[in-house]
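Notes follow the structure.
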Amino acid sequence: MNYWLMKSEPAEFGIDDLAARRRQREPWDGVRNYQARNMMRDQMCRGDQAFFYHSNCPQPGIVGLMQIVVEGYPDDTAFDLDDKHYDPKSDPQNPRWFRVDVELVRPLNRTIGLAELREHSALMEMPLLRRGNRLSVMPVTATEWKYILRLE
DNA sequence: GCCAACGTTGGC
DNA sequence: GCCAACGTTGGC
């Protein structure tokens with residue numbers, strides 16, 4: 001079992017949008033970063049748990065728990081001329097971008113904010129908290145996962 | 001392979 | 001809106 005943190009801008013797709021699809025899988029697509037792609041394509045396993053993180057918004061932070069329900073497969077939004085994530089360099093014969101499907105486990109009772117996370121020295125190794133970090137998908141250790149859940 | 005220019009991310 | 005940090009692109 002692996003643990004992850006996945007960012008989304010709530011103005012684009014937030015925890016409420018995922019909650020509206022409860023018990024239904026939702027593709028986590030549009031990721032156009034090689035490190036994040038590699039993790040989705042090669043490392044994420046069905047049953048892995050993930051934090052849903054709101055970024056680029058008034059209250060950035062962890063807002064929910066998800067699980068991976070479908071492992072990495074080609075992100076076909078890259079093939080769609082009309083999609084905002086269209087990438088002419090990706091094609092079905094040789095897909096460049098991958099996605100996974102997720103499912104909501106539950107929203108958190110409250111947002112565990114970025115500033116609050118920074119207050120805990122036990123979390124200082126998280127990529128999320130490192131200067132200049134821009135990864136939209138990143139691993140979380142089992143220790144960090146349990147620690148953060150206790151903050152709720 | 002280097003590196004400047006440019007675009008994007010994302011907190012504040 | 002600002003801006004630091006980082007990734008990507010493309011000329012050479």
Side-chain angles (χ1 to χ4, degrees), chain A residues 2-21 26-44 48-68 71-141 143-145 147-152:
Chain A
N2 305 306
Y3 300 97
W4 307 93
L5 182 145
M6 302 168 82
K7 295 181 186 175
S8 182
E9 301 189 14
E12 296 292 325
F13 186 81
I15 188 71
D16 292 339
D17 298 303
L18 186 61
R21 292 162 171 76
E26 178 70 18
W28 200 267
D29 53 26
V31 175
R32 298 292 179 265
N33 170 281
Y34 289 105
Q35 271 183 276
R37 176 206 65 183
N38 292 347
M39 286 184 272
M40 291 199 294
R41 185 187 62 187
D42 306 331
Q43 293 178 250
M44 282 192 179
D48 283 359
Q49 305 284 298
F51 288 128
F52 192 123
Y53 179 90
H54 279 175
S55 67
N56 196 21
C57 61
Q59 203 188 0
I62 295 169
V63 295
L65 309 180
M66 307 187 282
Q67 61 179 337
I68 308 304
E71 297 180 5
Y73 63 102
D75 179 356
D76 63 16
T77 65
F79 312 144
D80 181 357
L81 267 167
D82 297 325
D83 195 281
K84 70 179 285 195
H85 301 292
Y86 172 67
D87 182 353
K89 292 171 184 165
S90 186
D91 67 79
Q93 278 67 47
N94 186 23
R96 173 174 298 207
W97 304 115
F98 285 71
R99 63 187 178 189
V100 297
D101 286 358
V102 300
E103 186 178 277
L104 181 69
V105 172
R106 65 176 177 89
L108 293 190
N109 298 322
R110 65 180 187 91
T111 298
I112 301 176
L114 180 62
E116 179 181 350
L117 293 170
R118 288 192 191 285
E119 292 169 4
H120 296 271
S121 58
L123 304 176
M124 62 188 290
E125 296 300 320
M126 292 184 75
L128 178 73
L129 306 183
R130 284 212 284 269
R131 183 183 179 83
N133 166 68
R134 291 171 54 183
L135 262 186
S136 63
V137 173
M138 67 189 80
V140 173
T141 69
T143 305
E144 291 160 349
W145 179 271
Y147 188 96
I148 290 169
L149 282 185
R150 282 198 298 269
L151 298 178
E152 186 181 4

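Every chain is numbered from 1 and lettered A, B, ... according to where its sequence line falls, protein lines coming before strand lines. Remember, predicted model here, so these are calculated numbers, not experimental data.
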| said: Under 4.0 Å, heavy atom to any atom of DNA chain B: which of residues 28-40 of chain A qualify? | reply: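 Output list: empty, so none.
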| task | For DNA chain B, determine which residues of residues 49-58 of chain A have any heavy atom closer than 4.0 angstrom to one of its atoms, and list them numerically. | result |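 The stretch gives A:Tyr53, A:Ser55, A:Asn56 as the residues lying under 4.0 Å from the strand, ordered by number.
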Indicate yes or no for a side-chain donor-acceptor contact from [X] to the backbone of [Y] under 3.5 Å, with no hydrogens or angles considered.
X	Y	result
A:Arg99	A:Val31	no
A:Glu152	A:Leu108	no
A:Asp17	A:Gly14	yes
A:Ser8	A:Phe13	yes
A:His85	A:Arg32	no

Atom pairs under 3.5 Å, N or O on each side, protein against nucleotides 4-8 of chain B: can you list them with distances?
residue: B:dG7; atom: N2; partner: A:Arg134; partner atom: NH1; Å: 3.4
residue: B:dT8; atom: O2; partner: A:Arg134; partner atom: NH1; Å: 3.4
residue: B:dT8; atom: O2; partner: A:Arg134; partner atom: NH2; Å: 2.8

Do [X] and [Y] have side chains that get closer than 4.5 Å, going by heavy atoms?
X	Y	value
A:Leu129	A:Met124	no
A:Ile15	A:Leu104	yes
A:Trp145	A:Leu65	yes
A:Asp101	A:Tyr73	yes
A:Met6	A:Val102	yes

| query | Looking at A:Lys7, does any N or O in its side chain come under 4.0 Å of the phosphate oxygens OP1/OP2 on B:dT9? | reply |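 Looking at the OP1 and OP2 atoms of B:dT9, neither is under 4.0 Å from any side-chain N or O of A:Lys7.
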| task | Examine A:Trp97 together with A:Tyr34 and report whether their ring centres are nearer than 6.0 Å. | result |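 Ring centroids of A:Trp97 and A:Tyr34 are less than 6.0 Å from each other.
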Separation of [N] [atom2] from [X] [atom1] (nearest whole Å):
X	N	atom1	atom2	value
A:Gln59	B:dC12	CD	P	12 Å
A:Leu129	B:dG10	CG	P	14 Å
A:Glu9	B:dT9	CD	P	7 Å

| field | First encountered from the 5' end of DNA chain C, between A:Gly132 and A:Arg96 | value |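 That would be A:Gly132.
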